[in-house]
Amino acid sequence: MRDDTMTASAKAAALAAFKDMAREPGVPKPDPILVVDKVVRRFGGLTAVDVDHVEVQRGSITALIGPNGAGKTTFFNQLTGFDTADAGAWTFNGRAMNGVPAHRVARSGMVRTFQLTKALSRLTVMENMRLGAQHQVGESFWHALLPPLWRKQEDEITERAEELLARFKLDAKRDDFAGSLSGGQRKLLEMARALMVRPELVMLDEPMAGVNPALTQSLLGHVKDLRQQGMTVLFVEHDMDMVRDISDWVIVMAQGMVIAEGPPSTIMSDERVIDAYLGAHHDAPLSESELEAQLHEAEAALEAEIEEETQK
Amino acid sequence: MDWLTILSTTVHAAIGWETVVYGLAAIGVNIHFGYTGLLNFGQAAFMAVAGYGLAVTVVVFNLPFVVGVLVGLAAAALLALLMGIPTLQLRADYLAIVTIAAAEIIRLVFRSVYFKDIFGGSDGRRGFNGDFYAMNFLYDPGRYGIGPFGFDERTMWLLTVGWAVVLLCCLVVFLLMRSPWGRVLKAIREDEDAVRALGKNVFAYKMQSLMLGGIIGCFGGFFYGLYNGSVQPDVFGTEMTFFAYTIVILGGAARVFGPVVGAMIFWVLFVFVGNLLAELVANGYIPFMTNIQVGPVRYALVGLGFILLLVARPQGIFGDKREIAIDAR
Amino acid sequence: GGGSNTATQTSPSAPASSAAPATKGDGTLTLGTLLPQTGSLAFLGPPEFAGVDLALKEINEAGGVLGKPVAKIDTDSGDTTTNIASQSVDKLLAQKADAIIGAASSSVSESVIDKITGAGVVHFSPANTSDVFTTINDRGLYFRTSPPDKLQGRVLGDLIVADGNDTVAILAMQDSYGTGLADQVQKTVTDGGAEVVERVDYDPKAADFSADVAKVKAKNPKGIVLIGFEETSKVVQELVKQGLPADKHKWYMVDGNTSNTNYVKMPKGTLTGVKGTIPGAAAPEDFQKKLLEVNKDLEDFSYAPESYDAANLIALAAEAAKSDAGTDIATKLGEVSKGGEKCKSFKECVDLLKAGKDIDYDGVSGPVEFNDAGDPAVATIGIYQYGDDNKYPIKALEYRTGNIAG
Amino acid sequence: MTVPESQAAITDRSAHLEGAEDAVLRCDELIAGYLPGVNILNGSDLYVKEGELIGIIGPNGAGKSTLLKAIFGLVNIRSGTVLLKGENITNMKAHSLVSRGVGYVPQTNNVFPSLTIEENLEMGAFQVPGKFKERFEFVAELFPALKERRKQRAGSLSGGERQMVAMARALMTEPSVLLLDEPSAGLSPKLQDLVFIQAQQINKAGVTIIMVEQNARRCLQICHRGYVLDQGRNAYTGTGQQLANDPKVIELYLGTLAKA
Amino acid sequence: MNGAKIAVTTEGGQPVKEATTNAQGIWDVQVEQPGKYKVTLDVGSLPQNAEVRGGNNVRTPTVYEGNCSTVLFALQPKAAPGQAPQSDGGTTFWQQAAQLTFEGVNLGLIIALGALGLSLIYGTTGLTNFAHGELITLGAVIAYAFNVGFGIQLIPAAIIAVIVAGALGYGQDRLFWGQLRKRGTGTIAMMIISIGVAILLRNLLQFFFGPQTENFNDYVTQPGITVGPITAAPKNFWAIGIELTVLVIVGIALMKTRTGKAARAVADNPALAASSGINVDRVIRIIWTAGAAIAALAGVMLGLSQSLKFTMGQDILLLIFAGVTLGGLGTAFGALVGSLVVGVFIQVSTLWVPPELKSVGALAVLIIVLLFRPQGILGRRERIG
Ligand SMILES: Nc1ncnc2c1ncn2[C@@H]1O[C@H](COP(=O)(O)OP(=O)(O)OP(=O)(O)O)[C@@H](O)[C@H]1O
Ligand SMILES: Nc1ncnc2c1ncn2[C@@H]1O[C@H](COP(=O)(O)OP(=O)(O)OP(=O)(O)O)[C@@H](O)[C@H]1O
Ligand SMILES: [Mg+2]
Ligand SMILES: [Mg+2]
């Protein structure tokens, strides 16, 4: 289990780095692992991504939030080589990464997960995990023919995979085909598999959507451990409880652009962010009466909006 | 009714050269399609370039047999490169049609009057297998076998070498597919992007798979040429590839021995049905059919046989029902 | 290779051939057929089977061979896209066939000749035209009665020149039959002073022939030579469509497509004046009637005469050799085909043989005289001309007989 | 998944079905699964009364989606029965259920990728094409983004946008029973609010709703009754409030994150 | 041509004989030995205004034993100096190109009909139906049976054939493919089963129809009419009209009608389609009916423009696949565009490549186009992530 004090210290370190930073989009970070400049991606008439400048601090947990269709996933696609940007440049660890094919991006230590999960259906959960490991001797054709060359490494990988699976509550599914997992389990596998890569920067696209809250909570601990181990985490999430709980820094995107940056607490009270994204009621009330009140309020607001629309 | 002939020809087919040739083609297809998910419908082209590589080297350029084999292998590897570079980025179903197209192009070129001086036009090339049989150090001339079951020394030699190659290929497939290398292939079959995201060079693996399967298929081409003493362009048509696929599915995709057993079933079905039917007609048991109609009816029955086998066992002989049940979509 | 003398002619590079088991005759002459029932040449199957059947019927009516009725096993040769021929040969050999008649396609024959001749069985094709077989190592067991390309090509070429066609286009089916014949026609025509302005080798399986015809049209030739099989009816439609009808250009056909059934549905006069060459001295009508008694559904008669002659020759050779073993038959095939008293049917010939005479069988497909390579040496080519009803008459315009080699 | 350690907490069957007499939809001891020999549902019971909104929560892989699919005829039920307004609809085909007034939003693969947004919605109103215009205006107001993009192919939409299409598709008809599988997943907080509010509103308008949610607190807040599913069985039942405040449920299924 | 002098020598130049042509311009020389000879025409003995075509007045025929050998000196009026020789009445490059383009459209539309049926079935069921070629043949053969067997005029016979084929398509899905789907048979297994079906059907067709080539009773060998640079039979124009009409109607139906949209929905996601209230089986059956009927029409058109044979569908299947793929899998208009490209390329490429290799040109184009547009001409790229 995690060592609370240690995690806390890492968090403190991360927070310290962000302490006096300006809360404006594109603010430079003291030790950025990822620097993005003027990335643009258009689909026909639609500009899905138009990021002017953004940096991700090494060793931090950074959340990327924004309304649906803001371009978060598309942004990930550009950075990880799954799609070609129309313009722009970005560096990872100081190395220019535009035009680098997806597998090289992953090898250089920048690994992403997919929002719409990609389970390798007719491989077992364990094989899915093993595939994530890097530098496997047995993955070269000639070595593959001689099992003694890779047996030992395979055992190590398996061990590591088992640990992760246990954490992600997938150990019971170890030998089942990944195609037979439930929606939430696929999300879990997707994330666990990415962690097998041992990346420097892990980019998670809505890792917890559809994951049971109790499990989410325990997994957050794991993510914090990752930061402890020096990993940088950049994640997209719509669950504000989670964002608030683990992120050190939040970047907000809307309509393809970065509109705000800042620590979670500040961001969530930012007027524009509330407007574009959170809505008035993201701090969900717990009592029935409050809910009722809110309901009415929302209805009224909606109606007003509708009226406005129809009047236009 | 000549049951003995029906039986002996059936047994011969099960272990004969057809099973070797189609088995090898199918092992290659199994690597492409069964393991990697590459819908390569141009397997016949690999066999063709191998067969022709050997034939043209020996017959037209008068070089030794061994050189011919090397040229054939090189041709198959080169074909994999040429075919792979443009096509491996395509989605599975697009890849299928492009590989068929490539294979047809190759066949038509081999067949053309324009290149007749090299490839021999529609009659192909012959007269390159002497050296192969001269290498026979195992069998003296004569007949080997029990009673009606048996082969002459030439066939025995070819079958010995052929089956050795088949088993060797099975061993290689077995070793590879249990290794991390094979795991990457299987993962590519499921979702390329996921594999890319994990830092594997998908293109390189696909290319390796295409080459390996192509080269194994190319041995099928060699044995075809060596047994028949000739290569002709039309042998290597799409039919050959279709049959290889049928064999793979009959045996069970992504199973090491699937293609071999599939090939046996395929040919046993073919020969048994054909010869049984011919005997029935010849002996007047099916009065309404003439001897000329035996051919088409036999094929129709064989087609029906495939259908029934696959309806009964869509996963093939060795396949796993669970794997089929997982919706790949 | 090849020839009537087995032992001495085998080349040393094929040591196995000497081991060909010398089948001692089992008393019954067993004929195997390896002819197309399926595949792209399946349309050639029925007439060929009918030819053999007719011969067998007559042979057995005349008392059979060596006192016993001749047995027959039919198998499918398919085409080269499937390996059915090899299977069929296995079956024939397992059932102790002494001679195998087939295959229609040169390519298929090539793929099984080693197997057949290696087993000491006569391989006799009624339809192979490829040059390869002249020089192939066949242990002296390969024979053919197939239409003699060279002579036909020469006769046809000459005819074209004599008709005053100074510009000629050739549309030939792209296989060994079509290209072989086309080469010969082209050579003769060119030597004769006419110009071959276009030569199109087309793929008989092509979806459509308009482009091929358009190429011809571009050159506006006086004479158009159509070399092929039944797909010629598509080419004819295309010629008419594109404005190259037979009344404006002179068309020539060959034995593969000179037919009395393929074009009858076309409007009257479509083929008026078109000339075609068919090997064989006799008008085919009588023979065709007899064939129809064997198979009433026959629509095409290509290679039926050749198949018929093949069966007769084998039977006569067996009778002459007093053995039904393949190797024995092979030694006599040359003898019965030439040099001796001429005879035209099995019954006639076998009576002469029994009387101790040397015979010279003259068949329906021509005089059939085998040379050392097992190829026919002499042939007669009839030149026919279509009438208004898109049929050609029984009587040929003329017959030309000549040596094939040259 | 861990079995709830206090087996006592699992009320006996009769408790699940208490008051089920006049249920609109009722499942009895459903056993169902995908692969031969493996049961995912191991005797689940469930009922909904007319006009009720009930929530189903549970850990990942508990069988929640399977339960909905089983009701909707997309998974083969091996034993047990499903009754809709007294009619036995066990293993009935999905399209016949639609004509009986049942609507369903799947958890994954819930749009037609090669159809445009508009066409997706048209498919939603497949059995009542006449209503399309009117309902389209309605959902377009809920999700204005959809109206702007009506000609965009659903396959190119973002995850959240797809979710909107899926939800909107189900709203195109006015079903009497609506099965929702994680309708809020992947949506921005603002839209999540909207989904829950809409669910309540529709429910108020008389539609019976069964909702599977991982946003469990939110779900339990608005639903009348809730079921907790674990390992294909009902583990807990109760009103939304009861479950949301039950410490065992909190520990095992809800977590404490949102509270903190 | 009277009085022209001709000298015959042996190959070596040894004079053999000389001859003079008679009134018909014919001459005759008897030689003793077979072999190669040299025949020279004395140009000086020709009339003033004539010359030998091609200019060469020497021929070297080979004479074989027992046969005569003919030699031809074709004459043409002498061209006045500086005047170009007369055109030989052939077609120019552009005429040929126009004709070939027309032929390409003609062929492309037939391919497109086949492709449409294939694409419909592939689109809705995911089945790559290798037996589609046989459905095409079947349509043609049914029409033939009514036309030639029962003596019905071709147009009603074709209509009957299309209806019967549609019914058979319905039955096929009802009794066979639908049952397989119900059992959960995978698409790959189904594809291989379709190879079995193709073999079965093709050989049954051969059994009943016979192995030979046949023609319909009507519209055989229509003489062409010339329209601008193109010569074509009236039936070709009719066929093109009918094909285009059917293609456009079906394409629009697919885009606009409820069933058409439902078909596309089923293609995308059958389970969701069912959840939307679509009767998936019914939609698939409609598609099968339509697909088989359109295939039958393709068969009739193919038979009309060419001839009928039991392999006619099989022979064109590869082109159909090429058309479907080139256009972009699963899109109806893609099938049309792709097929037209394939058809036109096959024909037009013969301007440069030998006709025996004409398919090579079309297939090469397929590969090249897919290099640059991996999703086909009208296909769309899929979204990642
Ligand atoms: N291939 C494509 N073609 C056309 N439009 C696209 C394509 N991919 C994405 N888009 C559009 O670009 C916009 C950004 O999409 P993206 O998936 O990046 O959003 P997102 O921020 O990840 O949203 P969500 O939170 O819903 O996942 C969306 O409006 C989407 O419709
Ligand atoms: N198509 C399938 N084939 C085989 N097994 C499956 C399939 N879909 C789901 N399962 C199995 O059924 C069990 C229940 O799955 P289900 O999708 O119902 O879970 P769930 O409760 O909806 O979970 P989640 O909250 O993650 O969506 C899981 O263990 C899963 O492994
Ligand atoms: Mg996204
Ligand atoms: Mg679920």
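All figures in this text were calculated on a predicted structure; none of them were measured in a lab. Residue numbering restarts at 1 for every chain, and letters A, B, ... go by the order of the sequence lines.
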Subject >> Exceeds 12 heavy-atom contacts within 6.0 angstrom, atom CZ of B:Phe149 >> reply: yes
Original post:
How long is the gap from CG on B:Asn291 to OG1 on C:Thr33, to the nearest 0.5 Å?
Top reply: 7.0 Å
Original post:
Can you tell me if C:Gln37 and B:Gln293 form a side-chain donor-acceptor pair at under 3.5 Å?
Top reply: no
Subject >> C:Thr81 versus chain B, the contacting section by heavy-atom distance below 4.5 Å >> reply: both
**OP:** Measure across C:Thr38 and B:Gly295 and return the closest heavy-atom pair with its distance rounded to 0.1 Å.
**Re:** CG2-C, 3.2 Å
**OP:** Using atom types as modelled and distance alone, determine if a side-chain donor or acceptor of B:Thr5 lies under 3.5 Å from a backbone N or O of C:Gln95.
**Re:** no
Original post:
Which region of C:Lys91, side chain (C-beta onward) or backbone (N, CA, C, O), has a non-hydrogen atom less than 4.5 Å from a non-hydrogen atom of chain B, or is it both or neither?
Top reply: both
Original post:
In Å and rounded to the nearest 0.5 Å, what is the OG1 to CZ distance from C:Thr80 to B:Arg111?
Top reply: 7.5 Å
Original post:
With respect to chain B, which residue among C:Asp53, C:Asp74, C:Leu93 yields the maximal number of heavy-atom pairs within a distance under 4.5 Å?
Top reply: C:Asp74
Original post:
Out of B:Asp131, B:Thr9, B:Val235, which one racks up the most heavy-atom pairs below 4.5 Å with chain C?
Top reply: B:Val235
**OP:** Drop me the distance from B:Asp234's CG to C:Ser40's OG, to the nearest 0.5 angstrom.
**Re:** 7.0 Å
**OP:** Measure across B:Ser122 and C:Ser107 and return the closest heavy-atom pair with its distance rounded to 0.1 Å.
**Re:** O-OG, 3.0 Å
Subject >> Criterion side-chain contact (heavy atoms from CB on, under 4.5 Å) on C:Ile84 and B:Arg298, from CA distance to verdict >> reply: CA-CA 11 Å; C:Ile84 216 71; B:Arg298 169 235 209 125; 3.6 Å; yes
Original post:
Distance from B:Tyr224 atom OH to C:Ser86 atom OG, nearest 0.5 Å?
Top reply: 8.0 Å
Original post:
For B:Phe270, is it the side chain, the backbone, both or neither that has a heavy atom under 4.5 Å from a heavy atom of chain C?
Top reply: side chain
Original post:
Would you say the side chain of B:Tyr299 lies within less than 4.5 Å of the side chain of C:Asp76, judging by non-hydrogen atoms?
Top reply: yes
Original post:
Using non-hydrogen atoms only, which part of C:Ile73 is less than 4.5 Å away from chain B: side chain, backbone, both, or neither?
Top reply: neither
Original post:
Which residue out of B:Tyr114, B:Tyr133, B:Tyr227 racks up the most heavy-atom pairs below 4.5 Å with chain C?
Top reply: B:Tyr227
Original post:
In terms of heavy-atom proximity below 4.5 Å to chain C, should B:Asn129 be classed as side chain, backbone, both, or neither?
Top reply: side chain
Original post:
Of the backbone (N, CA, C, O) and the side chain (C-beta and beyond), which part of B:Phe243 lies under 4.5 Å from a heavy atom of chain C, both, or neither?
Top reply: side chain
**OP:** Please step through side-chain contact (heavy atoms from CB on, under 4.5 Å) for the pair B:Arg126 and C:Asp114, ending with a clear verdict.
**Re:** CA-CA 11 Å; B:Arg126 63 175 297 114; C:Asp114 273 4; 3.3 Å; yes
**OP:** Mind running side-chain contact (heavy atoms from CB on, under 4.5 Å) on B:Thr290 and C:Asn295 for me, showing each step along the way?
**Re:** CA-CA 10 Å; B:Thr290 66; C:Asn295 179 354; over 6 Å; no
Original post:
How far does OG of B:Ser230 sit from CD1 of C:Ile113, to the nearest 0.5 angstrom?
Top reply: 9.5 Å
**OP:** Taking all non-hydrogen atoms of both residues into account, name the closest pair between C:Gln174 and B:Ser112 and its distance.
**Re:** NE2-CA, 3.6 Å
**OP:** Hey, could you give me the CG/NE2 distance between C:Asp90 and B:His12, rounded to the nearest 0.5 Å?
**Re:** 7.5 Å
Original post:
Given the options B:Gly229, B:Gly237, B:Pro296, which has more heavy-atom pairs under 4.5 Å with chain C than any of the others?
Top reply: B:Pro296
**OP:** Check B:Asn228 against C:Ser111 and note the closest heavy-atom contact, atom names and distance.
**Re:** OD1-O, 3.1 Å
Original post:
Can you tell which of B:Gln232, B:Glu279, B:Arg143, B:Lys116 has the highest number of heavy-atom pairs within less than 4.5 Å of chain C?
Top reply: B:Gln232
Original post:
Tell me, do B:Leu108 and C:Asp203 make a side-chain contact under 4.5 Å, heavy atoms counted?
Top reply: yes
